[in-house]
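Below is one structure, written out as structure tokens; comments come after it.
The analysis underlying the following values was restricted to heavy atoms, covering all of them including side chains, and did not include hydrogens, waters or symmetry mates.
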Amino acid sequence: MVIILSEKIKKSTLVSVCGLTTALSVALLFLGGVSYILSYTVPMIVGIFNIILKQTFGKTSAWITFVSTSLISLMLVSDKECAMMYIFCFGYYPIIQEDINKIKYRGLRVFTKLFIFNLLVALAQLILVYVFCIPFLEDGDSKVFILIFALMMNIIFFFYDIILVRVLFLYKHKFEKHIKRIFR
């Protein structure tokens, strides 16, 4: 029995929503291969679905959808960089963001966010290079490019963090009651 904010939702409804969200997420991740910029923006958009799932159906539903989307996208999505950005950077973060934001000290909170993000970006790039044989630098080894990439990813993450807070606020105050009414 799944209980969300003292409302009971049928397991079949929960499984259906998670399955449909996974299917939509994987379909959108296919778009990541259309252009290079979409390899980074599509995983961010797909990650936002996890906010809605977490808020409406609970963390377990969001984690199940994240894991299933990750596994299916690794198998089916041709743009592995897009799949890896979802898995290691932008898919899990909406699920844990509220927990990290509960850290009392702002400096520790920011350090935790950046440490986790940078560690996982580095891990994603290593997997892309050594497992999928996708070169990080196609035009030679430029340490300046690596620094610029790291800086840009941190700036993108900073704005993604702000956008997630705003999307969550908007969802809670404008859409949540309507969506919960649909799934009663």
Side-chain angles (χ1 to χ4, degrees), residues 22 25-54 59 62-63 65-170:
T22 298
S25 298
V26 172
L28 287 173
L29 287 171
F30 272 109
L31 294 176
V34 173
S35 90
Y36 186 71
I37 192 74
L38 291 178
S39 293
Y40 294 93
T41 54
V42 169
M44 288 184 216
I45 294 166
V46 172
I48 291 173
F49 295 156
N50 291 327
I51 290 176
I52 297 166
L53 285 173
K54 177 184 160 200
K59 267 188 185 180
W63 279 115
T65 303
F66 167 72
V67 170
S68 59
T69 300
S70 298
L71 292 173
I72 293 170
S73 67
L74 270 179
M75 291 184 280
L76 298 179
V77 174
S78 61
D79 185 0
K80 297 303 180 200
E81 189 169 16
C82 181
M84 296 303 278
M85 288 298 110
Y86 173 78
I87 295 167
F88 286 99
C89 301
F90 303 114
Y92 73 92
Y93 185 71
I95 303 170
I96 67 167
Q97 182 191 31
E98 269 189 321
D99 296 329
I100 294 174
N101 284 340
K102 290 178 184 175
I103 296 174
K104 185 177 180 180
Y105 301 106
R106 186 171 193 257
L108 181 60
R109 185 172 55 239
V110 170
F111 173 78
T112 303
K113 289 178 182 184
L114 290 175
F115 178 76
I116 292 170
F117 179 74
N118 285 302
L119 179 70
L120 292 176
V121 165
L123 182 61
Q125 290 302 325
L126 288 172
I127 291 171
L128 285 168
V129 170
Y130 293 109
V131 174
F132 294 110
C133 300
I134 299 171
F136 181 67
L137 300 171
E138 294 178 6
D139 298 329
D141 289 318
S142 173
K143 293 179 182 178
V144 174
F145 179 75
I146 293 172
L147 290 175
I148 291 171
F149 177 78
L151 178 65
M152 293 305 293
M153 287 301 292
N154 280 282
I155 291 170
I156 289 169
F157 178 72
F158 172 76
F159 285 114
Y160 186 62
D161 187 51
I162 293 170
I163 289 168
L164 289 179
V165 170
R166 304 265 164 88
V167 167
L168 181 61
F169 179 82
L170 180 67

Separation between CD1 of Ile148 and CG of Leu151, rounded to the nearest 0.5 Å: 8.0 Å

More than 12 heavy atoms of other groups within 6.0 Å of Ile155 CD1: yes

Nearest non-hydrogen partners of Arg109 and Ile103, listed with the distance: NH1-O, 2.7 Å

Asn50 side chain vs Gly91 backbone, donor-acceptor pair below 3.5 Å: yes

Pairwise side-chain contact, Ile146 with Gln125, heavy-atom cut-off 4.5 Å (strictly under): no

Donor-acceptor contact below 3.5 Å, side chain Thr69 vs main chain Val26: no

From CD1 (Ile134) to CG (Leu128), nearest 0.5 Å: 5.0 Å

OG-CD1 distance between Ser25 and Ile48, expressed to the nearest 0.5 angstrom: 11.5 Å

Test item: Phe117 and Met153 side chains (from C-beta on) under 4.5 Å apart, heavy atoms: yes

Which atom of Met85 lies closest to which atom of Ala124, heavy atoms considered: CE-CB, 4.0 Å

Aromatic centroids of Tyr40 and Tyr36 separated by under 6.0 Å: yes

Non-hydrogen side-chain atoms of Tyr92 and Ile116 separated by less than 4.5 Å: yes

Closest approach of Leu74 to Met84 (non-hydrogen atoms, all atoms of both residues): CD2-SD, 3.9 Å

From Leu168 atom CG to Ile52 atom CD1, the distance as rounded to the nearest 0.5 Å: 10.0 Å

Side-chain heavy-atom pair Val121, Phe88 within 4.5 angstrom cut-off: no

Pairwise distance OG(Ser73) to CG(Leu28) - rounded to 0.5 angstrom: 12.0 Å

Nearest heavy-atom neighbours spanning Gly32 and Ser39: O-OG, 3.2 Å

Enumerate donor-acceptor pairs with a distance under 3.5 Å from any side-chain N or O in residues 156-164 to protein atoms, sequence neighbours excluded.
| from | atom 1 | to | atom 2 | distance (Å) |
| --- | --- | --- | --- | --- |
| Tyr160 | OH | Met44 | O | 3.2 |
| Tyr160 | OH | Phe90 | O | 3.0 |
| Asp161 | OD1 | Tyr93 | OH | 2.6 |
| Asp161 | OD1 | Gln97 | NE2 | 2.5 |
| Asp161 | OD1 | Lys113 | NZ | 3.3 |
| Asp161 | OD2 | Lys113 | NZ | 2.8 |

Any side-chain heavy-atom pair of Tyr86 and Leu29 under 4.5 Å: yes

Qualifying salt bridge (charged side-chain N to carboxylate O under 4.0 Å, His left out) pairs with a residue from residues 41-54, counting only residues at least two apart or across chains: Lys54-Glu98

Heavy-atom closest contact (Phe30 atom, Val77 atom, distance): CE2-CA, 4.0 Å

Point-to-point distance, once rounded to the nearest 0.5 Å, from CG of Leu170 to CD1 of Ile51: 10.5 Å

For Thr41, all residues meeting side chain to side chain donor-acceptor pair (under 3.5 Å), sequence neighbours excluded: none

Where Pro94 and Gly47 come nearest, the two heavy atoms and their spacing: CG-O, 3.1 Å

Aromatic ring pairing Phe115/Phe111, orientation class (parallel under 30°, perpendicular over 60°, tilted between): parallel

Any Asp79 side-chain heavy atom under 4.5 Å of Leu38 side chain: no

